[in-house]
Number of protein chains: 2
Amino acid sequence: MVEIPATIKDIAKYTGLSIATISKYLNGGNVLEKNRILIEEAIKALDFEVNEIARGLRTNKTMTIGVLIPVFEVFFNTIVSSLENVLLETGYSVIVCDYRDNEKLEKERLDFLYKKRVDALVIVPTYLKGNDIRKIIKRDIPIVAVDRPIEDFECDTILVNNFEVSYKAVERLIILGHRKIGIICGPQNIYTAQERLNGYLKAHNDYGITVYKDYIKFGEYHNMESGYKSMIELLNNPEPPSAVFVTNYEMTLGAIIAINEKDIKVPDELSIIGFDNLEMAKIVKPSLSLVVQPMEEIGETVANLLLRRLKGEKNDFPLRKKLDAQVLIRSSIKNIG
Amino acid sequence: MVEIPATIKDIAKYTGLSIATISKYLNGGNVLEKNRILIEEAIKALDFEVNEIARGLRTNKTMTIGVLIPVFEVFFNTIVSSLENVLLETGYSVIVCDYRDNEKLEKERLDFLYKKRVDALVIVPTYLKGNDIRKIIKRDIPIVAVDRPIEDFECDTILVNNFEVSYKAVERLIILGHRKIGIICGPQNIYTAQERLNGYLKAHNDYGITVYKDYIKFGEYHNMESGYKSMIELLNNPEPPSAVFVTNYEMTLGAIIAINEKDIKVPDELSIIGFDNLEMAKIVKPSLSLVVQPMEEIGETVANLLLRRLKGEKNDFPLRKKLDAQVLIRSSIKNIG
DNA sequence: TTGTAAGCGTTATCAG
DNA sequence: CTGATAACGCTTACAA
């Protein structure tokens, strides 16, 4: 059990070649056929694996990607998982840190990752601004902002079409005749929450529908109780909305529990569009209409972009891409024209 | 932006001391007061941080902990997050890999982590056996099994009292007069699922209550639809149970949706005990009785154990600890004496 | 194609 | 207490 890993030196000894030749082979250089065979034999026999730590010291690479997320929640987790799936294949490992929605921790953990000399960074920022980053990051490494842009900082950014998809969802309700449409939003300091609310507002504006302040509730993304409370408030309104759009998964869960508790009939008494969890939508009756974000695709997109940047491809820098979320219509909404 | 990090050499130059002295200082050795001040000044001035890669090459440490989990789900995520919280403070970083409940991937990613030369491993195993580990892990590093033991392998193991807590939950229902008690279990190849079922069986046995096969349903842990379906099956039974115990969070969610859909009155028509999500329990009406696992505590326990092992403290090896989950009684269960 | 040797930033040994 | 020096395992000119 206490086996010392073989080094290039051992391979050199075994084959009678120099370590330079072995190294060259390992890095894809040309070697005589017979030496190649010999080396490969040695590698097998000695169970050799390059020491990436040592290599990293020379090449100034750690083969490590730092990922900074607000919390370990299903949306981010799914992204991280698919990101990691791509990255691991190419030998990169991923260090994920959550900052628990905490401004101080957000900077500290960014600093931590930087000090760990990660080769690149993936950031889902909340409070972080360009200046914070410039203060912490001194080496020139690829940085990708995900889900939310980083204010005052030029870098690759992968977003979702929050505004557009929110517009479409609300428009759909309008077309079905709804005029009293509630929305449960996330905190307005978060980019995605702003965008989703703006889509709601724009749709109202475009169709000449009055926006009522009482129909707009603000919850918290990572707190299903806030979705529950917001929905209760909407329902307790003297003139309750005929439709409600809930703009994130955890809040949707809470909202549904509220509806059940109040024994509201969907879609007869209330139309509802939720967010982000296909599995739940499948089993809720009547089947839940949803905005679905392409989480896997986000992860893959970020990973592939990162790999290109790590290879030095900068021609399309800074890239700003919006991936499409979809409005999935099921039976939880109804025409009340 | 392209600033080259300062090295010990730079500090040596700045102070006029030798790199050996600087290194000694950095590692807590004794240095003359005036030199100490000088060095500290230099460190500040040059914004120096030790290069852990280089240090790692010498010391054979990466300051990295590998964590292998089945999937990114709330239970494991919470553990990982609290584990990481402790570990980061001491300078360790954490590489988390999920294997998506896939046997092949489970071995591959263990191998990946090992090759990354992590200083220690935290494993939540599913298919992994002692032989697999022995085949992959050659160096002598601390390994901690979490939530589930590793078959045929001697290592530290941190578990939850699944059997006991399940017994207590079911016993509670029995004491309230229930004789027809349904259970929705996880897959029987998973340790925790076996234990939870066994607790159910033992309670029945101890109280001389007949166990009906039809009241035992098997779902999947990471699939809420399986909880939904299982509950529907239980309810469709010609003689449905008067109480149901659901043994994991995702399945509990599905079960609740089924109950709502069927418009079953809780606890009048059905008593129910769920699993693992306090937040949800708070907002479901009537308030949901629950088995609550100490996820944060698990993470912290594992982290602290790991830190001790990494310091070489092996006196209590192999440690096998069971942490206490609690049965939290709320209003979703009723005496039908 | 292959080998020699310097160097990446540390730590550790051993004199001084 | 301090400093010179040899490692750690690898890559990379440069020379052979």
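Keep in mind it's a predicted model, so treat the numbers as computed, not measured. Reminder, nothing fancy here: chain letters follow the sequence lines and each chain counts from 1. What you see below is based on every heavy atom in this structure, not just the backbone, and it leaves out hydrogens, waters and symmetry mates.
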Taking [X] first and then [Y], would you say they form a salt bridge - that is, a charged N and a carboxylate O separated by under 4.0 Å?
{"X": "A:K321", "Y": "A:D156", "answer": "no"}
{"X": "B:E40", "Y": "B:K44", "answer": "no"}
{"X": "A:D111", "Y": "A:K115", "answer": "yes"}
{"X": "B:E33", "Y": "B:R36", "answer": "yes"}

- chain A reaches DNA chain D, atoms under 4.0 Å from its heavy atoms, from D:dG9 to D:dT12

- Message: Under 4.0 Å, counting only non-hydrogen atoms across every strand here, what does B:I53 touch: a base, just sugar-phosphate, or nothing?
- Response: nothing

- Message: Within the 4.0 Å heavy-atom criterion, would you say A:L57 contacts the bases, only the backbone, or no part of the nucleic acid?
- Response: base

- Shortest non-hydrogen contact from A:G299 toward A:S82: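 Shortest heavy-atom contact: CA-OG, 3.1 Å.
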
- Qualifying residue, where the test is side chain to side chain contact (heavy atoms under 4.5 Å, CB included) with B:T7 and the options are B:D10, B:I4, B:I11: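 Single pass found, and it is B:D10.
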
- Output yes when a side-chain donor or acceptor of A:R309 lies under 3.5 Å from a complementary backbone atom of A:I143, and no otherwise.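 Flag not set: sc A:R309 to bb A:I143 has no pair under 3.5 Å.
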
- Query: Take atom CD in B:E313; do more than 12 heavy atoms of anything else shown fall under 6.0 Å from it?
  - Reply: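 Result for CD/B:E313: enclosed.
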
Under 3.5 Å, which N/O atoms of the protein pair with N/O atoms of nucleotides 10-13 of chain C?
residue	atom	partner	partner atom	Å
C:dT10	OP1	B:N51	N	3.1
C:dT10	OP2	B:I8	N	2.8
C:dT11	OP1	B:N27	OD1	3.4
C:dT11	OP1	B:N27	ND2	3.3
C:dT11	OP1	B:R55	NE	2.5
C:dT11	OP1	B:R55	NH2	2.9
C:dT11	OP2	B:S23	OG	2.7
C:dT11	OP2	B:N27	ND2	3.3
C:dT11	O2	B:R58	NH1	2.4

